[in-house]
Amino acid sequence: MAQTVVIAGAGHGGVQTAASLRHNGFDGRIVMIGDEAGLPYQRPPLSKAYLQGKMPLETLWLRPESFYLDNRIELMPQARVAAIDPAAKNVTLGTGEQLAYDHLVLAVGARNRLLPLPGADLDGVLYIRTLAETDALKPRLAQARNIVVIGAGFIGLEFAAVAAAQGKSVTVLEMTERVMSRVVSPGMSQHFSSWHEKGGTQFRFAARAAAVIGENGRAVAVETADGARIQADMVIVSIGVVPNIEIAKAAGLATGDGIVVNEQLLTSDSNISAIGDCAQFPSVHGRRLMRLESVQNANDQGKAVADRITGKSAAPYAAVPWFWSDQGDQKLQIVGIADGHDTVVVRGDAASGAFSIFCYGGGTLLAIESVNKPGDHMFGRRSMGEGKLLSAAQAGDPAFDLKKFLQG
Ligand SMILES: Cc1cc2nc3c(=O)[nH]c(=O)nc-3n(C[C@H](O)[C@H](O)[C@H](O)COP(=O)(O)OP(=O)(O)OC[C@H]3O[C@@H](n4cnc5c(N)ncnc54)[C@H](O)[C@@H]3O)c2cc1C
């Protein structure tokens with residue numbers, strides 16, 4: 001068993017790895033190096049309850065400070081892994097300090113994709129990924145009147161829901177024809193855009209932002225490629241993320257759209273693992289190399305790596321992916337990967353605000369998207385985890401008993 005495990009990145013995946021190592025009885029040294037300040041925190045509330053002011057800072061911490069002390073996890077905040085030397089098995093920090101490892105876990109996440117447009121550096125152009133960014137944004141949101149959100153992905157829409165509920169004028173620009181187009185079925189996109197529109201949010205689809213227009217250094221409008229100008233004293237950029245692969249690449253590890261790992265989450269160096277947002281792994285569910293940005297993925301991959309290091313299990317990583325997004329009173333929960341689906345079955349009544357869309361590809365259930373239907377979601381997690389896949393006919397029959405199906 002490795003004697004010193006160094007974890008680069010103190011986010012969801014890093015903290016889970018450290019916790020699982022100790023849970024599995026690992027008695028060696030654990031050093032966790034994170035470049036953000038303070039205790040490691042939960043990211044999802046940054047665009048939800050924390051942004052709304054409904055969640056105090058103390059409840060954002062992933063674990064209390066005592067957890068790290070009690071479990072002998074040497075947390076190094078505001079420290080950056082600047083380089084890895086796989087041959088010497090050590091990392092160099094930004095300060096020049098070197099740390100030796102027996103096993104290194106890269107849990108370095110992803111960073112905001114920056115707006116590549118004129119005016120992107122104007123005051124009022126903001127992002128939501130870190131606690132520091134959300135803390136900077138919150139008081140400005142209170143002052144803002146006209147907001148343009150660039151990108152109709154989960155985070156942009158969650159932000160739009162919060163801002164519209166505060167009475168702000170919100171316009172969302174989206175390059176594609178529908179919201180969350182990368183991850184949900186067209187029917188689910190339709191449900192969510194209608195819901196946002198009812199709350200006052202305006203959408204411009206197939207719209208490309210071309211520039212942010214400023215006056216005296218402050219953003220005042222966003223100009224689209226077709227020449228329209230939309231007033232904006234706040235511009236939220238939510239156009240996706242870029243995985244942090246640079247230190248891995250410089251160390252000669254295989255990289256692509258992430259740090260490439262095998263089914264055991266090992267990089268091309270057998271003493272280095274990569275997990276979470278930064279890792280590109282062979283998925284048994286998506287049936288291809290993929291990178292997932294979700295708490296489930298970061299946590300489950302952290303657990304899998306800890307299991308392997310401690311000899312508990314070396315099973316290939318096969319956890320069923322799941323995700324959630326809270327937009328106002330609409331709780332979207334997704335299990336599986338809908339990508340490549342060709343048929344959908346709606347279970348429940350979309351107009352009632354509580355329903356699920358079952359997505360099939362070649363007759364096989366690929367994903368279940370649920371809105372305010374936690375029972376369907378939990379059913380999906382269990383049934384897909386056990387490989388018991390509901391047929392389209394069964395899903396479409398409102399009288400079909402899901403509980404009995406699981407027992408059977
Ligand atoms: C606003 C927001 C809302 C979200 N909502 C949801 C949601 O509702 N549901 C869901 O499932 N997921 C959600 N996500 C995604 C989820 O938070 C991420 O998938 C998850 O945080 C990934 O965990 P991670 O450990 O891989 O990366 P992170 O949690 O990002 O942690 C990586 C850490 O490593 C640090 N780091 C980077 N490079 C270095 C280095 N060289 N040295 C040291 N430290 C380094 C980073 O600064 C960061 O602190 C949301 C994300 C955001 C930003």
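We count ligands from 1, going down the list as the structure has it; atoms in each ligand are counted the same way.
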### Considering all heavy atoms, the nearest Tyr50-Lys138 contact
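That would be O-NZ, 2.9 Å.
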
### Query
Which pair of heavy atoms, one from Thr59 and one from Pro56, lies closest together, and at what distance?
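So the minimum-distance heavy-atom pair works out to OG1-O, 2.6 Å.
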
### Task
Report yes or no: does Gln16 have a heavy atom closer than 4.0 Å to ligand 1?
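Judged by the 4.0 Å heavy-atom criterion, Gln16 does not count as contacting ligand 1.
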
### Message
Is there a side chain to side chain contact (heavy atoms under 4.5 Å, CB included) between Phe405 and Gln394? Walk through the geometry before answering.
### Response
CA-CA 10 Å; Phe405 177 78; Gln394 290 166 330; 3.9 Å; yes

Identity and separation of the nearest protein heavy atom to [atom]:
atom	result
atom 8 (O) of ligand 1	Lys48 NZ, 2.6 Å
atom 37 (C) of ligand 1	Val108 O, 3.1 Å
atom 14 (N) of ligand 1	Pro44 CG, 4.4 Å
atom 42 (N) of ligand 1	Val81 N, 2.9 Å
atom 31 (O) of ligand 1	Gly11 CA, 3.3 Å
atom 35 (C) of ligand 1	Asp35 OD1, 3.3 Å
atom 25 (O) of ligand 1	Gly13 N, 2.8 Å
atom 29 (O) of ligand 1	Arg43 NE, 3.2 Å

Which of the atoms of ligand 1 are close to [X], meaning less than 4.0 Å from one of its heavy atoms?
X	result
Ile33	43 (C), 44 (N)
His12	20 (C), 21 (O), 23 (O), 25 (O), 29 (O)
Gly276	26 (O)
Ala298	22 (C), 23 (O)
Glu293	19 (O)
Asn244	37 (C)
Ser294	11 (O), 12 (N), 19 (O)

Can you find an N or O of [X] that's nearer than 3.5 Å to an N or O of ligand 1?
X	value
Ser47	no
Arg80	no
Gln296	no
Ala79	no
Ile128	no
Val295	yes

Using heavy atoms and a threshold below 4.0 Å, how should the contact between [X] and ligand 1 be classified: side chain, backbone, both, or neither?
X	answer
Asp277	both
Arg111	neither
Glu36	side chain
Trp324	both
Pro40	neither
Ile155	side chain

### Query
How far does OG1 of Thr224 sit from CD1 of Ile230, to the nearest 0.5 angstrom?
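Atom-to-atom, Thr224:OG1 and Ile230:CD1 are 5.5 Å apart.
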
#### Entry: Phe159 six-ring face occupied by Lys48 cation (under 6.0 Å, within 45°)
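Here Lys48 fails the 6.0 Å and 45° test against Phe159.
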
Cationic N near anionic O, under 4.0 Å, [X] to [Y]:
X	Y	answer
Arg288	Asp339	yes
Arg204	Glu174	no
Asp27	Arg72	yes
Arg145	Asp233	no
Arg382	Glu386	yes

### Task
Kindly state each residue pair satisfying ring-ring contact (aromatic ring centres under 6.0 Å, His included) with at least one member in residues 337-373, sequence neighbours excluded.
His191-Phe355

### Query
Parallel, tilted or perpendicular: which fits the ring planes of Trp324 and Trp322, with parallel below 30° and perpendicular above 60°?
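Tilted: the ring planes of Trp324 and Trp322 meet at 30° to 60°.
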
### Query
Which pairs count as side-chain hydrogen bond (donor to acceptor under 3.5 Å, both in side chains) when at least one residue sits in residues 111-123, sequence neighbours excluded?
Arg111-Asn244, Arg111-Glu246, Asn112-Glu133, Asp123-Arg140

Say whether [X] and [Y], considering side chains only, have a donor N or O and an acceptor N or O under 3.5 Å apart.
X	Y	result
Gln42	His12	no
Ser194	Glu197	no
Glu97	Thr92	no
Ser325	Glu158	yes

### Message
Which option wins on minimum heavy-atom distance to atom 33 (C) of ligand 1: Ala107, Gly34, Gly153?
### Response
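Looking at heavy atoms only, Ala107 sits closest to atom 33 (C) of ligand 1.
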
